[in-house]
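Below are the structure tokens for one structure; questions will follow.
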Amino acid sequence: MKIGIPKEIKNNENRVGMTPSGVYELIQHGHSVYVQATAGEGSGFSDADYQQVGAEILPSIADVYEASEMIIKVKEPIEPEYALVKPNQLLFTYFHFASDRALTEAMVKSNAVCLAYETVETPNHQLPLLIPMSEVAGRMAAMCGAYYLQKTKGGKGKLISGVPGVKPAKVLVLGGGTVGEATARLAAGMGADVYIFDISLPRLRQLGMELPANVHPLYSSPHNIISELADADIIVGSALIPGAKTPHLITHDMLKKMQPGTVLVDVAIDQGGCFETSHATTHDQPVYTIDGILHYAVANMPGAVPNTSTIALCNATLRYALALADKGWQQACKDDHALYLGLNVVNGKVTYKSVADAWGMKYEPLNL
């Protein structure tokens with residue numbers, strides 16, 4: 001199969017779809033790999049690194065799309081890429097369709113095959129291609145919250161750990177999945193007083209047993225969340241419904257219950273955001289303030305640490321990419337139901353129910 005690795009063009013997105021190590025594996029399986037010039041530089045990989053393992057370097061993103069049967073990316077195509085996508089071309093990347101109608105309509109119109117990392121789901125309900133970036137984003141959420149809590153950055157002027165004789169910061173984590181656990185673990189390690197919310201009692205029991213003593217698992221209900229807002233310093237939104245739009249757990253009215261300088265970090269912004277007042281920001285302009293409350297809602301947080309993120313992502317995606325390339329997408333999805341669940345838009349049809357429901361489109365399940 002002919003496989004293309006384009007350079008990401010989203011704001012400050014320095015990750016790349018495949019490391020030289022991953023490209024080497026694809027080539028060893030008999031596939032041709034085309035890498036756009038400088039695609040890996042932001043992650044620390046030079047064109048020479050890719051050439052040494054047998055990749056062909058192409059000068060432009062248009063050349064990569066034109067030459068390739070499968071495109072492996074990190075982030076969803078953005079508007080300048082829409083016209084480059086070809087009918088029947090397989091795109092293997094994060095899409096988050098339920099938060100972007102224009103993207104959904106563009107991919108339907110393209111007649112391409114869109115296999116989304118974020119909805120590849122194993123029989124035990126794990127999301128193997130979302131987990132590595134969730135682990136990165138969760139750790140970053142704690143770090144970013146601590147950073148913006150500084151007075152000079154718009155926060156309350158608190159040190160997350162406190163010092164002897166001074167209380168540490170209070171951190172609320174909404175969602176006890178991979179992101180939430182990573183956030184809670186790092187925030188607790190920095191000395192914060194952490195409250196983590198989830199609707200699953202078995203998950204809360206697990207978190208209670210595995211996380212440090214300064215992490216307090218609480219059942220997620222509007223009343224319980226509101227009860228903790230008045231003295232919260234950092235609130236991290238990490239709730240997730242695979243493939244669907246994220247519910248708003250913090251409404252605009254709830255901001256009135258918070259103290260000025262409280263920091264909201266919305267890790268779920270890719271899927272629409274946990275906070276009603278959230279809108280996607282960029283690494284260039286990561287924060288804004290509403291009613292005295294600081295919002296951080298960068299839609300590609302792991303892009304700030306691209307070397308770590310790219311390697312972690314490739315470790316997870318490579319075996320699936322090999323299956324798709326070796327067998328073709330139809331046979332690969334027949335053989336692995338986890339991959340089948342990644343099919344969101346196929347040849348002009350919306351094949352993932354949560355995406356269809358998000359935009360009132362016709363859901364057409366794919367029969368392989």
Quiz item: Are Val346 and Phe92 connected, step by step, through hydrophobic side chains (Ile, Leu, Val, Met, Phe, Trp, Tyr) whose heavy atoms are closer than 4.5 Å?
Solution: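 Both belong to a single hydrophobic cluster.
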Self-check item: Residues Asp335 and Lys327 bridged, charged N to O under 4.0 Å
Solution: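 Looking at Lys327 together with Asp335, the answer is yes, because their closest N to O distance falls below 4.0 Å.
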Run the side-chain donor-acceptor check on residues 293-306: report pairs under 3.5 Å with partners two or more places apart or on a different chain.
unit_1: His295; atom_1: ND1; unit_2: Ile293; atom_2: O; d: 2.9
unit_1: His295; atom_1: NE2; unit_2: Thr277; atom_2: OG1; d: 2.7
unit_1: Asn300; atom_1: ND2; unit_2: Asn11; atom_2: O; d: 3.4
unit_1: Asn300; atom_1: ND2; unit_2: Glu13; atom_2: OE1; d: 2.9

Quiz item: Which ring pair (Phe, Tyr, Trp, His ring centres under 6.0 Å) pairs, counting each pair once, include a residue from residues 170-216, with sequence neighbours left out?
Solution: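 Only Tyr195-His216 qualify under ring pair (Phe, Tyr, Trp, His ring centres under 6.0 Å).
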Exercise. Would you mind listing every ring pair (Phe, Tyr, Trp, His ring centres under 6.0 Å) that reaches into residues 62-83, with sequence neighbours excluded?
Key: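 Ring pair (Phe, Tyr, Trp, His ring centres under 6.0 Å) check on residues 62-83 returns no pairs.
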Quiz item: Counting only heavy atoms not in Tyr24, do more than 12 sit closer than 6.0 Å to its OH atom?
Solution: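 It does not: Tyr24 OH has 12 such atoms or fewer within range.
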Exercise. Under the side-chain contact (heavy atoms from CB on, under 4.5 Å) rule, what do Leu90 and Leu324 come out as? Steps first, then yes or no, please.
Key: CA-CA 9 Å; Leu90 173 61; Leu324 291 165; 4.2 Å; yes
Quiz prompt | In one Ile/Leu/Val/Met/Phe/Trp/Tyr side-chain cluster, 4.5 Å: Ile3, Tyr320 | solution =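 Both belong to a single hydrophobic cluster.
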Quiz item: With no hydrogens and no angle check, do the side chains of His29 and Glu25 hold a donor and an acceptor under 3.5 Å apart?
Solution: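 The criterion, which ignores hydrogens and geometry beyond distance, is not satisfied for Glu25 and His29.
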Exercise. Starting from Ile131, walk the hydrophobic network (Ile, Leu, Val, Met, Phe, Trp, Tyr; side-chain heavy atoms closer than 4.5 Å) and list everyone else you reach, by chain and number.
Key: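 For Ile131, no cluster forms, as it stays isolated from other hydrophobic side chains.
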Exercise. Tell me yes or no: between the side chains of Asn124 and Thr122, is some donor less than 3.5 Å from an acceptor?
Key: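 Side chains of Asn124 and Thr122: pair found under 3.5 Å.
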Practice problem: Decide yes or no on side-chain contact (heavy atoms from CB on, under 4.5 Å) for Tyr50 and Gln52, but give the supporting numbers first. | Solution: CA-CA 5 Å; Tyr50 288 103; Gln52 285 171 7; over 6 Å; no
Practice problem: Just jot down the salt bridge (charged side-chain N to carboxylate O under 4.0 Å, His left out) partners of Glu228, sequence neighbours excluded, or say none. | Solution: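 Testing Glu228 for salt bridge (charged side-chain N to carboxylate O under 4.0 Å, His left out), a comparison that skips the adjacent residues, returns Lys170.
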Practice problem: Is it possible for you to say whether Ile269 and Leu249 belong to one hydrophobic cluster, with membership spreading through side-chain heavy-atom contacts below 4.5 Å? | Solution: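 Unlinked, Ile269 and Leu249 end up in two clusters.
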Self-check item: Test salt bridge (charged side-chain N to carboxylate O under 4.0 Å, His left out) applied to Glu181 - qualifying residues, sequence neighbours left out
Solution: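 So Glu181 forms a salt bridge (charged side-chain N to carboxylate O under 4.0 Å, His left out) with Arg185, Arg203.
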Quiz item: In terms of hydrophobic clusters joined by side-chain contacts under 4.5 Å, are Met18 and Val136 together?
Solution: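 They do share one cluster, since a chain of ILVMFWY contacts under 4.5 Å joins Met18 to Val136.
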Donor-acceptor pairs under 3.5 angstrom involving side-chain atoms of residues 138-157: please list them, not counting sequence neighbours.
unit_1: Arg139; atom_1: NH1; unit_2: Glu135; atom_2: O; d: 3.1
unit_1: Tyr147; atom_1: OH; unit_2: Lys153; atom_2: NZ; d: 3.1
unit_1: Gln150; atom_1: NE2; unit_2: Tyr147; atom_2: O; d: 3.0
unit_1: Lys156; atom_1: NZ; unit_2: Ala232; atom_2: O; d: 2.9
unit_1: Lys156; atom_1: NZ; unit_2: Asp233; atom_2: OD1; d: 2.9
unit_1: Lys156; atom_1: NZ; unit_2: Gln259; atom_2: OE1; d: 2.9

Exercise. Assess the pair Phe275 and His252: is the distance between their ring centroids shorter than 6.0 Å?
Key: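 Here the rings of His252 and Phe275 have centres that are no less than 6.0 Å from each other.
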Self-check item: ILVMFWY network linking Leu91 to Val345, side-chain heavy atoms under 4.5 angstrom
Solution: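 Yes, Leu91 connects to Val345 through the hydrophobic network.
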Self-check item: Residues Lys10 and Glu76 bridged, charged N to O under 4.0 Å
Solution: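 So Lys10 pairs with Glu76 through a salt bridge.
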Quiz item: Any chance the side chains of Asp49 and Ser46 put a donor and an acceptor closer than 3.5 Å?
Solution: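 Yes, side-chain donor-acceptor contact under 3.5 Å.
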Practice problem: Please tell me if the side chains of Ile225 and Ile250 come closer than 4.5 Å, counting only heavy atoms from C-beta onward. | Solution: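 Of all side-chain heavy-atom pairs linking Ile250 with Ile225, at least one is under 4.5 Å.
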Quiz item: In the hydrophobic cluster built from side-chain contacts under 4.5 Å, what are the other members alongside Tyr219?
Solution: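 Ile199, Leu201, Leu204, all in the cluster of Tyr219.
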Anything under 3.5 Å between a donor and an acceptor, one on a side chain of residues 35-42, the other on a protein residue two or more places apart or in another chain? List them.
unit_1: Gln36; atom_1: OE1; unit_2: Lys7; atom_2: N; d: 2.8
unit_1: Thr38; atom_1: OG1; unit_2: Lys7; atom_2: NZ; d: 2.9

Quiz item: Got Leu341 and Val120 here, is their nearest side-chain heavy-atom distance under 4.5 Å?
Solution: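 No, side chains not in contact.
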Self-check item: Flag if over 12 foreign heavy atoms under 6.0 Å of CD, Glu210
Solution: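 Yes - once you tally the heavy atoms of other residues, nucleotides and ligands closer than 6.0 Å, there are more than 12.
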Quiz item: Roughly how far apart are Phe97 CZ and Trp359 CH2, rounded to 0.5 Å?
Solution: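 Reported to 0.5 Å precision, the distance equals 11.5 Å.
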Quiz item: For residues Asn88 and Asn347, is any side-chain donor paired with an opposing acceptor at under 3.5 Å?
Solution: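 There is such a pair (donor and acceptor under 3.5 Å, judged by atom type) between the side chains of Asn88 and Asn347.
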Quiz item: For residues Ser43 and Thr310, is any side-chain donor paired with an opposing acceptor at under 3.5 Å?
Solution: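 Yes.
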Quiz item: Does the distance from a Lys or Arg side-chain N to an Asp or Glu carboxylate O, for Glu8 and Lys73, drop under 4.0 Å?
Solution: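 Salt bridge present between Glu8 and Lys73.
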Quiz item: Just wondering, more than 12 heavy atoms not from Lys257 lying within 6.0 Å of its NZ?
Solution: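 Atom NZ in Lys257 is not crowded, with 12 or fewer foreign heavy atoms closer than 6.0 Å.
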Quiz item: Can you name the residues that form a salt bridge (charged side-chain N to carboxylate O under 4.0 Å, His left out) with Lys167, not counting sequence neighbours?
Solution: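 None.
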Quiz prompt | For Asp357, all residues meeting salt bridge (charged side-chain N to carboxylate O under 4.0 Å, His left out), sequence neighbours excluded | solution =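 Applying salt bridge (charged side-chain N to carboxylate O under 4.0 Å, His left out) to Asp357 gives Lys353.
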Self-check item: Carboxylate-amine/guanidinium proximity below 4.0 Å for Asp270 and Lys75
Solution: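 Judged by the 4.0 Å cut-off on N to carboxylate O distance, Asp270 and Lys75 do form a salt bridge.
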Exercise. Would you mind listing every ring pair (Phe, Tyr, Trp, His ring centres under 6.0 Å) that reaches into residues 164-193, with sequence neighbours excluded?
Key: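 Sorted result for residues 164-193: empty, none.
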Quiz item: Between Ile235 and Met258, which heavy-atom pair has the shortest distance, and what is it?
Solution: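 Where Ile235 meets Met258 most closely, the heavy atoms are CD1-CE, 3.7 Å.
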